[in-house]
Amino acid sequence: MAEHAGRRCCLGWDFSTQQVKVVAVDAELNVFYEDSVHFDRDLQEFGTQGGVHVHEDGLTVTSPVLMWVQALDIILEKMKASGFDFSQVLALSGAGQQHGSVYWKAGASQVLASLSPDLLLHEQLQTSCCLDRGSGANSPHHTGPLQPSRTLLRVPPSGISSWDVMPPGDAGKACFSISDCPVWMDSSTTAQCHQLEATVGGAQALSCLTGSRAYERFTGNQIAKLYQQNPEAYSHTERISLVSSFAASLFLGSHSPIDYSDGSGMNLLRIQDKVWSQACLGACAPHLEEKLGLPVPSCSVVGAISSYFVQRYGFPPGCKVVAFTGDNPASLAGMRLEEGDIAVSLGTSDTLFLWLQEPTPTLEGHIFCNPVDPQHYMALLCFKNGSLMREKIRDELASSSWSEFSKALQSTEIGNCGNLGFYFDVMEITPEIIGRHRFSAENHEVSAFPWDVEIRALIEGQFMAKKIHAEGLGYRVMPKTKILATGGASHNRDILQVLADVFGTPVYVIDTANSACVGSAYRAFHGLAAGTDVPFSEVVKLAPNPRLAAAPTPGASQVYEALLQRYAMLEQRILTQTRGPPE
Ligand SMILES: Nc1ncnc2c1ncn2[C@@H]1O[C@H](COP(=O)(O)OP(=O)(O)O)[C@@H](O)[C@H]1O
Ligand SMILES: O=C(CO)[C@@H](O)[C@H](O)COP(=O)(O)O
C-alpha cells in the first residue's frame, strides 16, 4: 500500500494559470502528497500556451473551462491509481487564479446535483457550442488551434492506467454559456473600465469603494463586456463564478458562493461592509446580483462534498468543503504571513502582497479582504510579465536552461555596472508599459546588452519595480522585515539572491513552492474548527517554519539605493513618452 494511505488529512487545490495542483496535509501539518496537471503538456488537445489562448486582437485572453474540469479528472484518477486513501480526507479547500470568470448555463445546477459516479466530470459538464459561436465576446477566434471537439481525451494521458470510455454522441449536457473563460491576463475591457469609473464618480471613488480603480482583468468589467457583446450568452447564464468558486462548485455539486477575499478582485464588492455595490452591479450588467449569489466570509464551510466524490473516489460523506479563494490570498495563508512581512510570488504572474490592518485604497495596486482574518485586509501588486517573460529571455539567451540563466546572474556584478532594463513583452499592469527598454549607466537608451548583462538587467529590473511600487503603497522595509518567496521561480536560488539584494532583506521559502495549495489545506483545517472562534494563526502554529534561502550581500543596499532612484526616473520617462506627461 502506498505510503500516503490511511493518514487523516485535508486537501488543498490550486486552479492556477498553467496547471491544477493538489497537496495533502496531515494533522501534524506535514505535506505528504503533491501532484499537478500541466495544461500545455498534459492536455495538449486544448492548444493553450502558458495555459491560455491569446486572441487575434492581442488583448483578449481566455482559457477553456473544460480544460480545468479535465485537469481535475486527471489528478483525481492519478490519486486513485496511486492508492490515495480518500476516506481519510476530513475537509478540502482550494484556490483559483484571480479575476477569471465561469458562466454556468441555465440548468447547470441540476447537472451538478445529479452527476453519475460512473463517468468523469468533463463528460458530464459539456460546453454549449451554440451560444458563443461567432457572437463577439470570447468567440473562439484565438490564434491557437480551434476549439477541441466534444469527444476529448479518449486516450489515457501518460501515468493513467485507464479511462472510462466516452459514451457515443453528446452524452453530456451543456453546462456553460461560453466555453472560453476570460482570465486575469485579459486587457480588452478598457471601455468598460471607463464606464464603471464614470458611474461611481471616478477612479479614486471606485478604489475607495471596492479596493481598486477599474482594472481590465477585474471580473465586473469582464462581465460587462460579455453582456454588451454577447447578450444571449449572458441571459442564458444562471450563475457566474470566479475560477475559485467554480472549482469549489465541482466538489460541492452545487453553486458555491464567492468568498470576500477573491470577491475583492471584481470591482464589485464593497470591501468595508462586504456586500455587492449596487452602483457597480448596475453599471456592469442587469440582474447581476442574482447571477453572483451572496458573497461569504472566506473561512466559511460552504457544504459537504457531493455524493459523486463519495461514490467514485471514496471521500467520506461528511468531508467539508471550505470556501475556495484567490491564489494570492491562499498563498498569504500558506506562508503564514505576519504583519510587516512581504510575500513575493513568482508564479505565472509576479505578485507582491502584504497584510494590512486598515485599507487605504489608492490608484495603484489592490486592497482585498483578508482571507484568514475577517477584520483585516491585504494589499497586492500584480506584475503580468513574470515567469513567462523570464522563460522567454532564458530561451533566447540561455539555451532554454535555468542553470545557464543562473550562471549569468552569478557571473555579473550586483548593480550590473549601471545597466538597467524594462522587459514587458505584454502590456504590464504595474506600470502600464509595453516593450523592452534598455539604458546604459549614462541613461542612454541602447538596443541590446550582452547576454549575461541582459539576464541580470531583467531580474534586477523586475525586483526594483516591486520595491518602488511597494513603497508607493506606503510600505517601508523595517529591520525585522522578511520576504517570503513562493511560486515556480522561487526554486531558483540565484533569482532569490537578487531579490534579497535589491530589497536589502533576507528571503525565506516554505517547504513547497505551492503555497496556494498549502494555504488551501491550512484553510480547510481552519474550516474544521468553524464556529469555535479559533484563530487561523492558532490552527497553523505547528506548521514548519520558513527557511532562509538568501541573505542580502553586504554592500548591496548602497548599490541599489542609487539604482532604484534611476529606475524610478526612467520608468517615469518611458511612461511620459508613451502616454504623455502626468496630469
Ligand atoms: N528553476 C527555475 N528558475 C526560474 N523559474 C522557474 C524555475 N522553475 C520553474 N520556474 C517558473 O515557474 C513558473 C510556474 O510557476 P507556478 O507558481 O507553478 O505557476 P502557476 O501557479 O501560475 O501555474 C514557470 O512558468 C517557470 O517559468
Ligand atoms: O491577476 C492576478 C492577481 O491580481 C494574478 O496573480 C492571478 O491570480 C494569476 O495567478 P498565477 O497563476 O500567476 O499564480
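Since we're looking at a predicted model, the values are computed, not measured.
Heavy atoms of other residues, nucleotides or ligands lying less than 6.0 angstrom from CD of Glu339 number more than 12. At most 12 non-hydrogen atoms from other residues, nucleotides or ligands lie less than 6.0 angstrom from CD of Gln49. The local environment of CG in Asp533 is sparse, with at most 12 non-hydrogen atoms from other residues, nucleotides or ligands closer than 6.0 Å. The number of heavy atoms from other shown groups lying within 6.0 Å of CZ (Phe424) is above 12.
Between Phe251 and Trp13, a ring centre-to-centre spacing shorter than 6.0 Å is recorded. Note: Phe176 and Trp104 meet the aromatic proximity criterion, with ring centroids under 6.0 Å apart.
Within the 3.5 Å criterion, the main-chain N or O of Thr362 finds a donor-acceptor partner in the side chain of Ser207. Judged purely by atom type and a 3.5 angstrom limit, Thr189 has no side-chain atom pairing as donor or acceptor with the backbone of Lys225. Looking only at distances, a side-chain donor or acceptor of Gln222 sits under 3.5 Å from a matching main-chain atom of Glu216. The main-chain N or O of Ile271 is found under 3.5 Å from a side-chain atom of Lys274 such that the two form a donor-acceptor pair. When atom types are taken as modelled, the side chain of Ser249 and the backbone of Ser245 share a donor-acceptor pair closer than 3.5 angstrom. Ser300 places a side-chain N or O within donor-acceptor distance of the main-chain N or O of Pro297, the cut-off being under 3.5 Å. For the pair Arg476 (side chain) and Glu471 (backbone), a donor-acceptor distance under 3.5 Å is present. No donor-acceptor pair under 3.5 Å is formed between the side chain of Thr60 and the backbone N or O of Glu56. A donor-acceptor pair is defined here as one N or O able to donate and one able to accept, closer than 3.5 Å; such a pair exists between the side chain of Asn370 and the backbone of Asp373. Remark: the backbone N or O of Cys382 is not paired with any side-chain donor or acceptor of Asp350 at under 3.5 angstrom.
Side-chain contact of Thr325 with Asp262: a donor-acceptor pair under 3.5 Å is absent, judged by distance alone. Judged purely by distance below 3.5 Å, without hydrogens or angles, the side chains of Gln18 and Gln97 never pair a donor atom with an acceptor atom. Side chain to side chain, Glu238 and His255 meet the donor-acceptor criterion of an N or O pair below 3.5 Å. One side chain, Asn328 or Thr351, offers a donor N or O that lies under 3.5 Å from an acceptor on the other. One side chain, Asn221 or Asn267, offers a donor N or O that lies under 3.5 Å from an acceptor on the other. A donor-acceptor contact under 3.5 angstrom links the side chains of Trp184 and Thr17, judged on distance only. For the residue pair Thr486 / Ser331, no side-chain donor-acceptor distance below 3.5 Å is found, with atom types taken as modelled.
Smallest separation of non-hydrogen atoms from Ala95 and Ala330: CB-CB, 3.6 Å. The two residues Gly527 and Val322 make their nearest non-hydrogen contact at CA-CG2, 3.7 Å. In terms of heavy atoms, Ile178 sits closest to Val65 at O-CG1, 4.2 Å. Smallest separation of non-hydrogen atoms from Ala214 and Glu197: N-OE2, 2.9 Å. Closest heavy-atom contact between Ala489 and Ser387: CB-OG, 4.3 Å. Between Phe39 and Gln19, the closest heavy-atom pair is CE1-N, 3.2 Å.
The side-chain contact (heavy atoms from CB on, under 4.5 Å) check on Leu59 picks up Asp57, Ser187, Ser188, with sequence neighbours excluded.
Tyr522 has its side chain within reach of Arg336: a pair of non-hydrogen atoms, C-beta onward, lies under 4.5 Å apart. Proximity of Ile429 to Arg217: side-chain heavy atoms (C-beta onward) are separated by under 4.5 Å at one or more points. Residues Val296 and Ile258 have side chains not in contact (no heavy-atom distance under 4.5 Å, counting atoms from C-beta outward). The side-chain heavy atoms of Asn443 and Arg566, taken from C-beta on, include a pair separated by under 4.5 Å. Within the 4.5 Å cutoff, side-chain heavy atoms of Ile240 are placed close to those of Ile223. For the pair Tyr567/Glu460, no side-chain contact is recorded, criterion being any heavy-atom separation below 4.5 Å from C-beta on. Contact annotation: the side chain of Pro64 approaches that of His53 to within less than 4.5 Å [non-hydrogen atoms, C-beta and beyond]. Contact of the Gln192 side chain with the Gln228 side chain is registered, since non-hydrogen atoms from C-beta on lie closer than 4.5 Å.
At a threshold of 4.0 Å, the pair Glu428-Arg436 does not count as salt-bridged, since none of the basic side-chain nitrogens sits closer than that to a carboxylate oxygen. In summary, Lys482 and Asp341 engage in a salt bridge, as defined by a charged side-chain N under 4.0 Å from a carboxylate O.
With Asp425 as the partner, the salt bridge (charged side-chain N to carboxylate O under 4.0 Å, His left out) test is satisfied by one option alone out of Arg390, Lys392, Lys384: Lys392.
Using bins of under 30°, 30° to 60° and over 60° for the plane-to-plane angle, the ring pair Trp68/Phe246 lands in the tilted bin. Between Phe422 and His437, the ring planes lie perpendicular to each other; the angle is over 60°, past the 30° to 60° tilted range.
Judged by a 6.0 Å distance limit and a 45° cone about the ring axis, Lys291 is not positioned over the six-membered ring of Tyr103.
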Legend entry - Worked verdict on His366 versus Tyr215 for ring pair (Phe, Tyr, Trp, His ring centres under 6.0 Å): CA-CA 10 Å; His366 318 296; Tyr215 280 87; 4.5 Å; yes

Inset, instruction - Apply the test side-chain hydrogen bond (donor to acceptor under 3.5 Å, both in side chains) to residues Gln357 and Gln375: give CA-CA distance (whole Å), side-chain angles for both, the deciding distance (0.1 Å), then the verdict. - result: CA-CA 8 Å; Gln357 296 262 3; Gln375 310 306 323; over 6 Å; no

Inset, instruction - May I have the step-by-step check of salt bridge (charged side-chain N to carboxylate O under 4.0 Å, His left out) for Glu432 and Arg213, ending in yes or no? - result: CA-CA 14 Å; Glu432 286 176 19; Arg213 69 162 169 83; 3.1 Å; yes

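In this structure, CG on Leu337 lies 9.5 Å from CD1 on Ile342, to the nearest 0.5 angstrom.
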